[in-house]
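Atoms considered below: every heavy atom in the structure, side chains included; atoms not considered: hydrogens, waters and symmetry mates.
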There are 2 protein chains.
Amino acid sequence: MKSEMTNQNPTMDHLFELYEGKFKAIADKKRLQIMNILTQNGSMCVCDIAPLMEMSQSKLSYHLKILLDANIIKKETKGTWSFYELNQDELNHLLSPELCCLFKPTCC
Amino acid sequence: MKSEMTNQNPTMDHLFELYEGKFKAIADKKRLQIMNILTQNGSMCVCDIAPLMEMSQSKLSYHLKILLDANIIKKETKGTWSFYELNQDELNHLLSPELCCLFKPTCC
DNA sequence: CTTATTAATCAATTTTTTTTGATTTTAATT
DNA sequence: AATTAAAATCAAAAAAAATTGATTAATAAG
């Protein structure tokens, strides 16, 4: 007999998994705060974010990695420093224009 | 001495908490799938969603409650039935127009 | 009144995520 | 070469979220 069609379309399934990952990355108070700090300051190294976040270096690295893996932020290494900045393109694809107030410097 | 100003603005803090909740609610494959099913079928009772999700009743109730608490879906009780539907307003405030393809019936 | 149906809730368990502190890696400085 | 600094990684512990199966509550139907 034929397949049951109770299963989700595999393409859709793949999309849901993709967005699960991205939303999971931004579904965190602290990470939203990091994003907001990057909004206001542009590209920043970890050592400059840390004091603003009042967060240990290892903890901050952990959260930055989650945002980076989800492509919410971008990273550039210069010497011993890692500079992070928001991936505006990604955010525009993901969030409503109204959330721009939080994550676009021009809005507030 | 004065306060340190290392702490976040309380208004912002409150906003981050609000969005943490909303993004957490949609940061799940299964819940995105539920939302997609509601997109395609409009208002549905739990007993009609369950077979499409291949999910136990108690598990489905759990996930619906999370979406409901985050105001992503709305609920209406008729007799013993609970009918759920998407809260389009909320989604429009939250998600990019491009994500409409997933959560607006007119788009796909 | 009794039985059946729908869906919410609960407690216990399992799984996932986050936190912590230490260690490692890489590069810059002396 | 030795020291310092920045940041990533790791393993263990703690915390949070999801799953399971059973129970409960509310309504409908016989």
Separation of D/dA8 atom P from A/Glu76 atom CD, nearest Å, is 14 Å
From CG of A/Asp48 across to P of D/dA5 the rounded distance in Å is 15 Å
Solution key, residues 81-91 of chain B side-chain donor-acceptor pairs under 3.5 Å, sequence neighbours excluded:
| unit_1 | atom_1 | unit_2 | atom_2 | d |
| --- | --- | --- | --- | --- |
| B/Asn87 | OD1 | B/Asp89 | N | 3.4 |
| B/Asn87 | OD1 | B/Glu90 | N | 3.3 |
| B/Asn87 | ND2 | B/Asn71 | O | 3.1 |
| B/Asn87 | ND2 | B/Asn71 | OD1 | 3.3 |
| B/Gln88 | NE2 | B/Phe103 | O | 3.0 |
| B/Glu90 | OE1 | B/Asn71 | ND2 | 2.9 |
| B/Glu90 | OE2 | B/Lys22 | NZ | 3.1 |

Quick note, B/Lys24 side chain, CB onward, closest among C/dT9, D/dA7, D/dA17 is D/dA17
One should read off an interatomic distance between B/Leu99 CG and A/Leu15 CG, to the nearest 0.5 angstrom, of 9.0 Å
Closest non-hydrogen atoms of B/Cys47 and B/Cys45, given as atom of the first, atom of the second and distance, are SG-SG, 2.8 Å
B/Asp69 atom CG is separated from D/dA16 atom C1', nearest whole Å, by 16 Å
Practice item. Identify whether any heavy atom of A/Ile66 sits under 4.0 Å from a base atom; if not, whether one sits that close to sugar-phosphate; answer base, sugar-phosphate or nothing. Key: sugar-phosphate
A/Leu68 CG to D/dT9 C1', in whole Å, measures 15 Å
Indicate whether OP1 or OP2 belonging to C/dT6 is found under 4.0 Å from a side-chain N or O atom of B/Tyr84. no
Sorted by chain and residue number, the side-chain hydrogen bond (donor to acceptor under 3.5 Å, both in side chains) partners of B/Lys29 (sequence neighbours excluded) come out as A/Glu17
**Asked** Is the backbone of A/His93 close enough, under 3.5 Å, to the side chain of B/Ser96 for a donor and an acceptor to pair up by distance?
**Response** yes
Rounding to 0.5 Å, atoms CD1 (B/Ile26) and CD1 (B/Ile34) come to a distance of 13.0 Å
Whole-Å distance, B/Met44 CE to C/dA7 C1', equals 15 Å
Between B/Lys75 and C/dA8, is there a contact of a side-chain N or O with OP1 or OP2 at under 4.0 Å? yes
(Q) With heavy-atom distances below 4.5 Å as the criterion, would you say the side chains of B/Met35 and B/Leu32 are in contact? (A) yes
Q. Any side-chain heavy atom of A/Leu94 within less than 4.5 Å of one from A/Tyr19?
A. yes
Separation between CD (B/Gln33) and CG (B/Leu102), nearest 0.5 Å, reads 11.5 Å
For residues 61-70 of chain A, run the donor-acceptor check on the side chains, cut-off 3.5 Å, and write out each pair with its distance to 0.1 Å, sequence neighbours left out.
| unit_1 | atom_1 | unit_2 | atom_2 | d |
| --- | --- | --- | --- | --- |
| A/Ser61 | OG | A/Gln57 | NE2 | 3.4 |
| A/His63 | ND1 | A/Arg31 | NH1 | 3.0 |
| A/Lys65 | NZ | A/Asp69 | OD2 | 3.2 |

Each nucleotide of nucleotides 24-30 of chain D classed B (base within 4.0 Å of a protein heavy atom), S (only sugar-phosphate) or -, in 5' to 3' order, makes --BBS--
Inset, instruction - Could you walk me through whether B/Asn41 and B/Asp48 pass the side chain to side chain contact (heavy atoms under 4.5 Å, CB included) test, one step at a time? - result: CA-CA 10 Å; B/Asn41 299 70; B/Asp48 286 340; over 6 Å; no
Q.
Taking any heavy-atom pair under 4.0 Å as a contact, classify A/Phe83: base, sugar-phosphate, or nothing.
A. nothing
Taken to the nearest whole Å, CG/A/Leu60 to P/D/dA8 is 8 Å
Between A/Ala27 and B/Val46, the residue closer to the 5' end of DNA chain C by nearest nucleotide is B/Val46
Here the distance between atom P of C/dT15 and atom NZ of B/Lys29, to the nearest Å, is 16 Å
Output for pair (A/Lys24 NZ, A/Glu20 CD), nearest 0.5 Å, gives 4.0 Å
When the rotation axes relating C1' atoms of four end pairs to the next four are compared across the helix from C/dC1-D/dG30 to C/dT30-D/dA1, five pairs an end, they differ to 10° by 10°
Readout for nucleotides 19-25 of chain C: B = base within 4.0 Å of protein heavy atom, S = sugar-phosphate only, - = neither; 5' to 3' it is BBBB---
From CD of B/Glu54 across to C1' of D/dT19 the rounded distance in Å is 17 Å
Item to complete: Would you classify B/Ser82 as touching base, sugar-phosphate or nothing, given that sugar-phosphate means primed atoms plus P, OP1 and OP2, and contacts are heavy atoms under 4.0 Å?
Response: sugar-phosphate
